[in-house]
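Counting convention: from 1, in listed order, for ligands and their atoms alike.
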Amino acid sequence: MGLLQLLKSQVLCLLIICYVFLASGLIVNLLQFCTLPLWLINKQLARKINIRLAYCISSQMVATLEWWSGTECTLYTDPKTYPLYGKENAIVVLNHMFEIDFLCGWTFCDRFGVLGSSKVLAKKDLAYVPVIGWMWYFLEIVFCKRKWEEDRITVAQSLQRLQDYPENFWFLLYCEGTRFTPKKHQISMQVAETKGLPKLKYHLLPRTKGFWVTVQNLRGKAAAVYDSTLNFRNNESPTLLEILSGKKFHADLYVRRIPLESIPEDEAECAAWLHKLYQEKDSFQEHYEQTGRFPGPTLSPPRRPWSLINWLFWSFLLLCPLGLLLTQLISSGSVFTIVFSLVVCYSDLTTQIYSGSSLDDRPD
Ligand SMILES: CC/C=C\C/C=C\C/C=C\C/C=C\C/C=C\C/C=C\CCC(=O)SCCNC(=O)CCNC(=O)[C@H](O)C(C)(C)COP(=O)(O)OP(=O)(O)OC[C@H]1O[C@@H](n2cnc3c(N)ncnc32)[C@H](O)[C@@H]1OP(=O)(O)O
Ligand SMILES: CCCCCCCC/C=C\CCCCCCCC(=O)OC[C@@H](O)COP(=O)(O)O
């Protein structure tokens with residue numbers, strides 16, 4: 001492990017990153033709250049301001065992936081459709097296999113200039129998470145309770161509200177509804193069997209209702225579905241903690257642009273279409289497994305400096321007062337200072353010992 005890598009893996013660095021994220025996030029949430037009266041006067045302006053405020057939060061996580069961990073992202077796609085990315089509204093269908101798949105999605109959003117405005121069909125519980133969940137409330141993120149009797153109305157209404165959204169957005173849909181685990185896979189393949197559907201090896205059986213309601217309600221607004229399949233090189237499954245510890249990975253994303261008009265309007269036909277899509281997605285994963293790459297040409301959209309600039313700005317703003325406070329505490333020599341310093345040093349030491357052994361003991 002190099003010196004820089006060792007430095008990045010210190011608990012103190014993790015604490016600093018989380019402090020900047022939480023403190024800046026709560027400030028942004030407060031600013032978002034202050035835009036409430038504006039929604040009554042000028043809704044489109046309020047939306048545009050909230051897009052920029054949301055960027056301040058989500059781009060910090062993007063910066064940790066791109067600039068702190070140095071993770072690289074390669075896009076496999078048709079060069080003819082590439083110029084359209086970021087220039088139109090789209091529904092993104094992504095496999096849900098990795099802890100940080102949403103973060104890789106955000107990275108691509110940033111590279112195509114739609115990070116602040118991008119949306120997701122998220123479970124309702126996430127709306128109550130401070131910083132991210134509160135930010136999403138002002139971004140008009142669509143939440144579902146995963147109870148179709150209720151969702152069919154509320155999800156459709158939330159999607160209809162996006163018809164006059166003033167900026168381009170990508171709407172992310174994890175049709176599998178939950179992250180892949182062998183146990184969930186086994187259950188969902190039992191459902192596939194009872195429905196007479198072909199088995200999938202790398203995906204859970206997609207939930208078709210959310211996809212159908214999204215396509216129907218975004219017709220005329222979204223131009224296409226971006227069928228996206230994500231994988232990491234060397235069979236790795238990165239965690240958020242590893243990214244925050246500065247560990248580098250290489251993500252590969254395979255994207256196919258499918259015009260929205262080509263998707264059937266009828267619910268049953270649309271469901272059958274989605275099942276077929278997931279069978280194709282499964283074959284792309286099989287291709288990756290066999291060859292270590294997705295089919296077709298590769299492109300590497302460059303990372304942009306804005307996420308880093310935003311991160312440095314908030315770090316400067318929030319770490320300067322903290323530094324001053326700590327200097328004052330140390331010079332006062334209070335008991336608190338000594339206890340705090342000891343706790344930080346101790347946790348740093350134990351993490352080094354643990355990470356040293358656990359990383360080295362990992363199987364190849
Ligand atoms: C160029 C670059 C391109 C791309 C870049 C990539 C991405 C970037 C894009 C945007 C990024 C933006 C934001 C991302 C940020 C963060 C995201 C983070 C978190 C969000 C993650 C979540 O919260 S996922 C959970 C919530 N979402 C979903 O659940 C969506 C999928 N679900 C549905 O659609 C559901 O249908 C529903 C929620 C609408 C309703 O659910 P409900 O449970 O009520 O109904 P069902 O659908 O289950 O209907 C019952 C039918 O299901 C069958 N069944 C039963 N058991 C199973 C099973 N185990 N598997 C499959 N099916 C099952 C049952 O038989 C019923 O069948 P029917 O025939 O009657 O339909
Ligand atoms: C600058 C970096 C600062 C780092 C601070 C870390 C704080 C991280 C805080 C928030 C991240 C929120 C991301 C939310 C996305 C999580 C994905 C997710 O939760 O998917 C749920 C889905 O699978 C369904 O799950 P279940 O079926 O219920 O199981």
J.: Of the protein's non-hydrogen atoms, which lies at the shortest distance from atom 28 (O) of ligand 2, and what is that distance?
T.: K123 NZ, 2.7 Å

J.: Check this for me: does any side-chain nitrogen of one of E99 and R179 sit under 4.0 Å from a carboxylate oxygen of the other?
T.: no

J.: By number and element, which atoms of ligand 1 are closer than 4.0 Å to a non-hydrogen atom of G177?
T.: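 Answer for ligand 1: 24 (S), 25 (C), 28 (C), 29 (O), 31 (C).
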
J.: Regarding Q290 and E286, do their side chains bring together a donor and an acceptor under 3.5 Å, going by distance alone?
T.: yes

J.: Of C175, S118, G210, which has the heavy atom at the shortest distance from atom 34 (O) of ligand 1?
T.: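 Ranked by closest heavy atom to atom 34 (O) of ligand 1, first place is G210.
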
J.: My understanding is that we take every heavy atom of each candidate and find the minimum distance to atom 2 (C) of ligand 2. Doing that for T64, L14, V62, which one comes out nearest?
T.: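 Nearest option to atom 2 (C) of ligand 2, by heavy atoms: T64.
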
J.: Can you pull out the closest protein heavy atom to atom 31 (C) of ligand 1? Residue, atom name and distance to 0.1 Å, please.
T.: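 The closest one turns out to be Y174 O, 3.3 Å.
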
J.: Given W148, W106, F143, identify the one with the heavy atom nearest to atom 13 (C) of ligand 1.
T.: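 Shortest heavy-atom distance from atom 13 (C) of ligand 1: W106.
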
J.: Does either side chain, that of Y288 or that of D252, offer a donor lying less than 3.5 Å from an acceptor on the other one?
T.: yes

J.: Could you check atom 55 (C) of ligand 1 against the protein and tell me its nearest heavy-atom contact, residue, atom and distance included?
T.: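 Scanning the protein heavy atoms, the shortest distance from atom 55 (C) of ligand 1 goes to R207 NH1, 3.8 Å.
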
J.: Compare V191, L84, V120 and give the one whose heavy atom is closest to atom 20 (C) of ligand 1.
T.: V120

J.: Mark up the atoms of ligand 1 that fall under 4.0 Å of a heavy atom belonging to S228, in ascending order.
T.: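 Near S228, meaning under 4.0 Å from one of its heavy atoms, ligand 1 has 3 (C), 4 (C).
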
J.: Distance to 0.1 Å, residue and atom name: give those for the protein heavy atom nearest to atom 23 (O) of ligand 1.
T.: K123 N, 2.9 Å

J.: Consider only side-chain N and O atoms of Y85 and T77, and report whether a donor and an acceptor are under 3.5 Å apart.
T.: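 Side-chain D/A pair, Y85 to T77: present.
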
J.: Going by heavy-atom distance to atom 17 (C) of ligand 1, choose the closest among F102, F169, F211.
T.: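 Heavy atom nearest to atom 17 (C) of ligand 1 belongs to F102.
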
J.: Which of these, W136, W170, F171, has its nearest heavy atom closest to atom 2 (C) of ligand 1?
T.: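 Heavy atom nearest to atom 2 (C) of ligand 1 belongs to W170.
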
J.: For atom 22 (C) of ligand 2, find the nearest protein heavy atom and state the residue, atom name and distance (0.1 Å precision).
T.: H96 NE2, 3.4 Å

J.: Can you tell which of E149, K195, K184 gets a heavy atom nearest to atom 64 (C) of ligand 1?
T.: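 It is K195 that holds the nearest heavy atom.
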
J.: Which bit of E176 is near ligand 2, meaning a heavy atom under 4.0 Å away: side chain, backbone, both or neither?
T.: neither

J.: For atom 12 (C) of ligand 2, tell me which residue out of I132, L126, L240, T178 has the closest non-hydrogen atom.
T.: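 When every heavy atom of I132, L126, L240, T178 is considered, I132 comes closest to atom 12 (C) of ligand 2.
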
J.: Under 4.0 Å from a heavy atom of K147: which atoms of ligand 1 are those, numbered in the order shown and with their elements?
T.: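 Result: 44 (O).
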
J.: Among all protein heavy atoms in this structure, tell me which lies nearest to atom 19 (C) of ligand 1, with the distance rounded to 0.1 Å.
T.: L126 CD1, 3.8 Å

J.: Quick one: nearest non-hydrogen protein atom to atom 9 (C) of ligand 1, plus distance?
T.: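 For this ligand atom, the closest protein heavy atom is C109 SG, 3.7 Å.
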
J.: Determine whether K119 and V142 satisfy the following criterion, side-chain contact (heavy atoms from CB on, under 4.5 Å), listing intermediate values before the conclusion.
T.: CA-CA 7 Å; K119 323 231 167 282; V142 180; 5.9 Å; no

J.: Using the ring centroid of each side chain, check whether F112 and Y82 are separated by less than 6.0 Å.
T.: yes

J.: In the protein, what heavy atom is nearest to atom 71 (O) of ligand 1, and what distance, to one decimal place, separates them?
T.: K209 NZ, 2.6 Å

J.: Which atoms of ligand 1 have any heavy atom of R146 under 4.0 Å away?
T.: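 Near R146, meaning under 4.0 Å from one of its heavy atoms, ligand 1 has 25 (C), 29 (O), 38 (C), 41 (O), 42 (P), 43 (O), 44 (O).
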
J.: Among protein heavy atoms, which lies nearest atom 7 (C) of ligand 2, and at what distance?
T.: F21 CE2, 3.9 Å

J.: Test of understanding: given a 4.0 Å heavy-atom threshold, classify the contact between L205 and ligand 1 as side chain, backbone, both, or neither.
T.: both

J.: I need the nearest protein heavy-atom contact for atom 27 (N) of ligand 1: residue, atom name and distance, please.
T.: L121 O, 3.3 Å

J.: Does the ring of F284 carry K281 above it, NZ/CZ under 6.0 angstrom from centre and within 45° of its axis?
T.: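 No; the conditions do not both hold, so K281 does not lie above the ring face of F284.
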
J.: Write out the residue and atom name of the closest protein heavy atom to atom 14 (C) of ligand 1, then the distance separating them to 0.1 Å.
T.: L172 CD2, 3.5 Å

